[in-house]
Amino acid sequence: MTFRLRNNKNPTLTFGLTSSTWYGILELAEENGWNPMGTIPSNPEDNGMVLAGLGFSDAHNWSGDYWSENQGLVLLEDALNLADALELAILNYEHHYIPSLHYYTIFGENNGSNGTQPSLGAIQGVIDLCYLGMFKIEKT
């Protein structure tokens with residue numbers, strides 16, 4: 001399973017991630033202070049929901065969970081908070097040197113969803129998308 005993050009204002013701006021990378025990024029963000037507000041339905045009319053302020057009527061068991069199968073819309077404030085936490089995660093990434101004929105640098109520890117942390121490029125890609133505003137999380 002994969003996820004596509006799609007900018008709400010410009011749907012042609014997307015960023016694709018494997019599920020293990022997306023979940024690893026969510027874990028990193030939470031470990032670095034992100035307190036997710038939760039998603040809202042990306043198309044309230046299709047879900048039988050009515051957006052009233054920041055609340056919903058007739059929510060039909062909407063979880064608002066970033067980890068679920070539901071496709072949701074991340075609000076601007078939550079996207080910016082996610083970006084801030086991920087920037088802090090990048091600053092906290094530790095690199096380890098492995099002695100060899102050549103020196104290689106490995107970033108992070110083995111504590112992600114699939115035993116490895118997401119790449120710095122994937123994290124930066126999500127940060128960049130977050131700074132563009134609200135985005136949809138689509139399961140592909």
Side-chain angles (χ1 to χ4, degrees):
M1 175 173 48
T2 60
F3 288 90
R4 180 180 299 120
L5 309 181
R6 183 181 302 276
N7 182 269
N8 193 48
K9 285 188 179 180
N10 184 354
T12 62
L13 297 174
T14 63
F15 191 70
L17 302 161
T18 65
S19 58
S20 61
T21 300
W22 176 237
Y23 297 148
I25 285 173
L26 294 174
E27 287 175 10
L28 269 176
E30 286 182 340
E31 290 168 8
N32 286 277
W34 181 53
N35 186 16
M37 296 169 50
T39 63
I40 63 171
S42 59
N43 191 349
E45 296 80 21
D46 289 347
N47 291 293
M49 300 178 194
V50 177
L51 185 59
L54 290 178
F56 300 104
S57 63
D58 195 25
H60 297 298
N61 300 319
W62 181 261
S63 70
D65 189 357
Y66 289 82
W67 306 82
S68 73
E69 301 286 317
N70 292 330
Q71 299 184 61
L73 182 66
V74 178
L75 297 173
L76 176 62
E77 183 179 355
D78 213 14
L80 295 176
N81 289 336
L82 174 59
D84 287 345
L86 291 175
E87 284 186 342
L88 183 59
I90 286 176
L91 291 175
N92 290 332
Y93 251 40
E94 293 184 27
H95 60 279
H96 303 278
Y97 293 102
I98 299 175
S100 178
L101 215 42
H102 304 282
Y103 285 100
Y104 296 94
T105 303
I106 297 179
F107 291 90
E109 301 171 3
N110 290 331
N111 65 356
S113 296
N114 65 351
T116 61
Q117 286 187 315
S119 70
L120 291 172
I123 296 169
Q124 188 61 54
V126 172
I127 290 170
D128 292 344
L129 189 75
C130 285
Y131 282 135
L132 295 174
M134 296 191 315
F135 64 91
K136 294 176 186 177
I137 303 169
E138 301 172 346
K139 185 184 127 196
T140 56

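Along the sequence shown, residues carry numbers from 1. All heavy atoms count here, side chains included; hydrogens, waters and symmetry mates do not.
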Which pair of heavy atoms, one from Asn32 and one from Ala89, lies closest together, and at what distance? ND2-CB, 3.3 Å

So do the side chains of Phe15 and Asp128 get within less than 4.5 Å of each other, counting heavy atoms only? no

Using a 4.5 Å cut-off on heavy atoms from C-beta on, say whether the side chain of Leu132 contacts that of Asn10. no

Correct closest heavy-atom pair for Lys139 and Phe3 would be CA-CD2, 4.2 Å

Can you tell if the side chain of Leu5 reaches within under 4.5 Å of the side chain of Val74, non-hydrogen atoms only? no

Evaluate the side-chain proximity of Asn35 to Asn81: yes if any heavy-atom separation is below 4.5 Å, no if none is. no

Hydrophobic cluster membership, Leu13 vs Leu76, 4.5 Å side-chain cutoff: yes

Distance-only, no hydrogens or angles: does the Arg6 side chain make a donor-acceptor pair with backbone N or O of Pro11 under 3.5 Å? yes

Would you give the length of the straight line joining atom OH of Tyr23 to atom CE of Met1, rounded to the nearest 0.5 angstrom? 3.5 Å

With heavy-atom distances below 4.5 Å as the criterion, would you say the side chains of Trp34 and Asp78 are in contact? yes

Would you call Phe135 and Leu82 a side-chain contact if the rule is heavy atoms closer than 4.5 Å? yes

Whether the side chain of Thr39 engages the backbone of Tyr66 through a donor-acceptor N/O pair (distance < 3.5 Å, no angle test) should be reported. no

Just wondering, do Ile25 and Ile123 contact through their side chains at under 4.5 Å, heavy atoms? yes

Using the rule that two of Ile, Leu, Val, Met, Phe, Trp, Tyr join whenever any of their side-chain heavy atoms come within less than 4.5 Å, decide whether Leu26 and Leu88 are in one cluster. no

Minimum-distance pair of heavy atoms, taken over all atoms of Ser119 and Ala122: OG-N, 3.0 Å

Heavy-atom nearest pair, Cys130 first then Ala79, reads CB-O, 3.2 Å

So CG of Leu17 and CZ of Arg4: to nearest 0.5 Å the spacing works out to 11.0 Å

